[in-house]
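Below is one structure, written out as structure tokens; comments come after it.
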Amino acid sequence: MKKTGAKIFVETLREHKIGTVFGYPGGVLLPIYDELYHADIRHILTRHEQGAIHAADGYARATGKTGVCIATSGPGACNLVTGLATAFMDSVPLVAFTGQVPTTMLGNDSFQEADIYGISIPITKYNYLVKETSHLKEIMYEAFHLANSGRPGPVLIDLPKDVQAIEINNPPIPKLTLPQKPKCPVEERNKRIEEIAALIQDSKCPVIYAGGGIIISGANEILQKLAEKISAPGTTILMGKGGFPEDHELSLGMLGMHGTRYANYAVSECDLLLAVGARFDDRVTGKVSTFAAKAKIIHLDIDPAEVGKIIQTDAFVIGDAQEVLELLCKKVKKKTNKEWLKQIHAWKKEYPLSYEKKSNVISPQYVVEQIYEQTAGQAIITTEVGQNQMWAAQYFKTSKPRTFITSGGLGTMGYGFPAAIGAKTGCPERIVFDVAGDGSFQMNIQELATAVYNKINVKIALLNNGCLGMVRQWQEIFYGRRYSQTTLQGNPDFVKVAEGYGAVGIRVEKPNEVPSAIQKAIEIDRPVVIDFHVDPEANVFPMVPPGGAINQMLDREQK
Amino acid sequence: MRHIISVLVRNHPGVLSHVVGLFTQRSYNIESLAAGVTENPEITRITIVVTGDERVLDQMMKQVNKLVDVLQVNDLKYSQAITRELAIITIKTSPQSRREVIEIANVFNAKIVDMSEDTITLELSGTERVLQNLVRLLNPANIDEMARTGTIALSLKSSEQ
């Protein structure tokens with residue numbers, strides 16, 4: 001039986017158990033959208049292609065499954081660029097489909113033609129331009145395999161209109177012929193794990209530094225077991241939040257530029273740093289030469305290129321975090337590190353995270369704390385980027401993987417709200433809060449329509465300070481309070497905007513109204529925007545000045 | 001320091017863009033790049049001459065190796081590789097200077113492939129250093145046009161024994 005490319009496309013999605021896609025149609029996608037019209041696939045129509053790809057990304061991060069989005073050629077495809085780069089930086093499994101002008105018109109500067117294949121090379125794990133319908137199925141199989149294996153990442157498939165429309169004989173299920181990369185022989189790996197176990201045994205002040213690899217690999221439980229066995233305090237970076245429970249006595253909270261003082265002190269003083277699934281980002285290390293300068297550095301990562309990229313390591317193993325940690329956990333012996341844990345405890349007591357509580361104006365940190373309280377820490381949190389993101393990271397104690405969803409590497413403003421829509425689509429039974437700022441929220445505010453129409457009942461906690469807070473904070477501290485272009489004059493009435501879209505808007509201006517507003521938002525079975533008018537003077541502390549050593553932190557008293 | 005990286009890739013459309021793009025994205029310096037099919041028509045060899053210290057080279061190799069289409073990456077040491085480059089050079093000549101150009105060509109075993117009233121075109125393959133010497137002796141001011149392929153290389157089997 002003959003089948004069109006569009007039909008093969010839909011069937012291949014079904015073969016990969018894709019039940020939900022996020023997209024936006026266009027002229028060159030008509031064959032596919034005609035097929036989707038009666039397909040057993042939920043298509044969520046966003047209001048902007050960027051909303052579609054961030055939603056697919058949020059879906060992937062919340063569920064661990066591959067997210068799928070669709071956009072048309074030219075402008076539609078170009079609108080995916082930020083989302084691809086976001087997913088690439090944070091190793092998120094996505095397959096993005098773009099429509100393309102027919103193969104006969106490629107390269108002619110045709111209407112709505114853009115070379116998305118060329119554009120997306122540096123921001124995808126791999127990409128394809130399908131020139132023959134007979135290649136489509138195999139390419140899709142490869143793409144889904146690549147997106148969610150090894151170090152995951154986004155894969156883009158560019159689909160010319162004629163490739164979608166042409167009928168071919170039903171293609172068989174393809175066998176993958178991707179090149180295999182050489183692997184470290186098992187004996188060598190085991191030898192290295194034994195060496196690392198010996199280093200751990202010899203250490204007196206070990207620290208575990210856990211990144212996004214823990215979440216992707218599902219290694220959180222074995223990591224906790226290892227930490228308890230060797231009595232090593234664990235710090236999670238932004239991408240690793242949920243990889244080690246922050247309410248655990250061994251947790252140091254977040255490390256780095258806006259990390260806790262005790263995490264930064266611990267890493268600066270430790271004699272062994274076990275980095276797992278992390279890549280020594282500049283926001284984590286500060287000045288590299290002083291980062292964990294007293295420590296033997298051990299790096300466990302699935303990506304060989306991450307080892308030695310930023311920092312010289314004393315030992316490393318390439319592999320899946322869960323697998324390697326299981327092996328390592330068997331090799332280490334129980335140890336107590338009494339003195340070290342006493343020191344950690346003293347730092348924790350002396351330098352807790354803290355913020356100024358005012359009686360007449362809402363502290364943004366208080367809002368985050370209250371979301372934690374009112375949801376018993378069980379919500380999925382997405383964030384935008386800037387101060388809102390850092391306050392969410394500092395004050396929402398994350399204990400489970402895939403519950404803290406944020407654009408870590410690229411730092412994409414406008415990510416959190418569509419990502420929340422995606423997360424809620426993937427986990428409909430969960431409460432999903434987007435901790436947002438008024439700057440970021442306005443970058444994809446149009447997705448209120450998507451949430452309302454599709455009954456995706458996410459809650460937006462808008463920390464509205466009327467400015468681009470993080471940039472303003474740097475201007476305040478490093479640029480003599482010259483607030484160049486960081487005041488958002490002309491902000492709309494967010495309650496009315498919410499209502500205009502058919503969502504619920506709640507304005508909160510007093511600290512004592514915060515808990516009840518959050519409670520109310522949770523109870524309302526619709527998307528809710530809570531417009532918290534927060535203290536515009538509030539800043540994120542502690543803070544390591546850019547390029548500084550991480551144990552040299554500014555606090556709000558000494559800024 | 002200069003290194004020769006030899007990369008074997010699947011002969012797929014777009015593979016060169018992926019490899020070259022990587023070098024620009026990560027801001028590595030390419031001195032030359034030559035690509036051509038191998039004994040297996042499905043596999044292309046890309047030979048890249050790069051500059052960078054050991055650490056940069058290590059990163060480069062790992063990043064290249066991560067590309068989906070890449071089958072193998074090798075760092076060929078100059079002392080353990082056979083390296084060649086081809087140049088075609090057209091030199092402006094006068095009746096007085098023609099003789100001298102031909103003499104230089106003979107010394108280098110360069111082939112004269114074309115000659116007109118006022119030009120001579122030479123072809124020479126050799127190591128990069130030999131080609132540079134030829135260019136220097138011909139005096140760059142007299143060179144009308146030049147095309148070079150960039151270095152290609154294979155490891156010396158005899159040095160492995």
Side-chain angles (χ1 to χ4, degrees), chain A residues 85 88-89 91 103 106-107 115-132 135 138-139 142-143 145-147 149-151 153-158 176-184 279-280 288 299 301-313 316 318, chain B residues 1 3 5-30 33 35 37-46 48 50-76 155 160:
Chain A
F88 190 52
M89 277 286 234
S91 309
T103 51
L106 272 173
D115 172 21
I116 195 62
Y117 176 83
I119 291 169
S120 63
I121 287 174
I123 49 171
T124 51
K125 187 172 172 185
Y126 200 53
N127 60 2
Y128 301 87
L129 166 59
V130 188
K131 286 200 169 161
E132 305 273 349
H135 298 163
E138 184 178 2
I139 284 175
E142 273 192 14
H145 170 77
L146 284 170
S149 61
R151 180 177 179 174
V155 178
L156 179 130
I157 302 180
D158 201 19
L176 295 185
T177 55
L178 287 163
Q180 295 297 310
K181 306 288 171 183
K183 271 190 182 164
C184 178
R279 59 178 177 83
F280 297 87
V288 175
H299 197 176
D301 206 281
I302 199 159
D303 181 352
E306 290 303 343
V307 175
K309 185 177 84 176
I310 305 291
I311 216 157
Q312 295 296 350
T313 51
F316 68 91
I318 305 301
Chain B
M1 220 188 124
H3 302 270
I5 301 182
S6 179
V7 190
L8 292 178
V9 297
R10 286 201 294 181
N11 201 354
H12 262 211
V15 63
L16 207 54
S17 304
H18 279 95
V19 174
V20 175
L22 178 73
F23 281 78
T24 5
Q25 288 149 42
R26 303 228 170 235
S27 111
Y28 304 141
N29 295 318
I30 296 186
L33 182 144
V37 77
T38 61
E39 71 285 356
N40 178 345
E42 288 174 4
I43 296 174
T44 293
R45 183 185 299 277
I46 306 177
I48 310 169
V50 294
T51 47
D53 59 24
E54 286 300 320
R55 198 160 155 191
V56 171
L57 179 78
D58 178 61
Q59 254 303 298
M60 252 184 230
M61 305 252 304
K62 284 175 174 172
Q63 294 291 357
V64 172
N65 199 33
K66 250 167 78 171
L67 295 174
V68 170
D69 287 311
V70 168
L71 303 164
Q72 206 186 322
V73 188
N74 285 312
D75 168 23
L76 300 181
S155 62
E160 285 169 9

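Just so it is clear, the model here is predicted, and its values are computed rather than measured. Numbers restart at 1 for each chain; the letters A, B, ... are given by sequence-line order, proteins then strands.
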Please set out all donor-acceptor pairs under 3.5 angstrom arising from side-chain atoms of residues 66-73 of chain B, sequence neighbours excluded.
residue	atom	partner	partner atom	Å
B:K66	NZ	A:D303	OD2	2.6
B:D69	OD1	A:Y126	OH	2.8
B:D69	OD1	B:R10	NE	3.0
B:D69	OD1	B:R10	NH2	2.9
B:D69	OD2	A:Y126	OH	2.6

If contact means a heavy atom pair closer than 4.5 Å, which residues of residues 115-123 of chain A contact chain B?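 A:Y117, A:I121, A:P122, listed by number.
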
Got a sec, which residues hit side-chain contact (heavy atoms from CB on, under 4.5 Å) with B:N40, two or more places apart in sequence or on another chain?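 Testing B:N40 for side-chain contact (heavy atoms from CB on, under 4.5 Å), a comparison that skips the adjacent residues, returns B:T38, B:E42, B:I43.
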
Check side-chain contact (heavy atoms from CB on, under 4.5 Å) between B:V20 and all other residues, then give those that pass, not counting sequence neighbours.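 Once residues adjacent in sequence are excluded, the partners of B:V20 under the side-chain contact (heavy atoms from CB on, under 4.5 Å) criterion are B:L16, B:L33.
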
Would you say that A:K309 contacts B:Q63 through its side chain, given a criterion of any heavy-atom pair below 4.5 Å between the two side chains?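 Counting from C-beta outward, A:K309 and B:Q63 do come under 4.5 Å.
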
Is [X] close to chain B through its backbone or its side chain, or both, or neither, when contacts mean heavy atoms under 4.5 Å?
| X | value |
| --- | --- |
| A:E142 | side chain |
| A:L129 | neither |
| A:K125 | backbone |

More than 12 heavy atoms from other groups under 6.0 Å of NZ on A:K131: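 12 or below, so no.
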
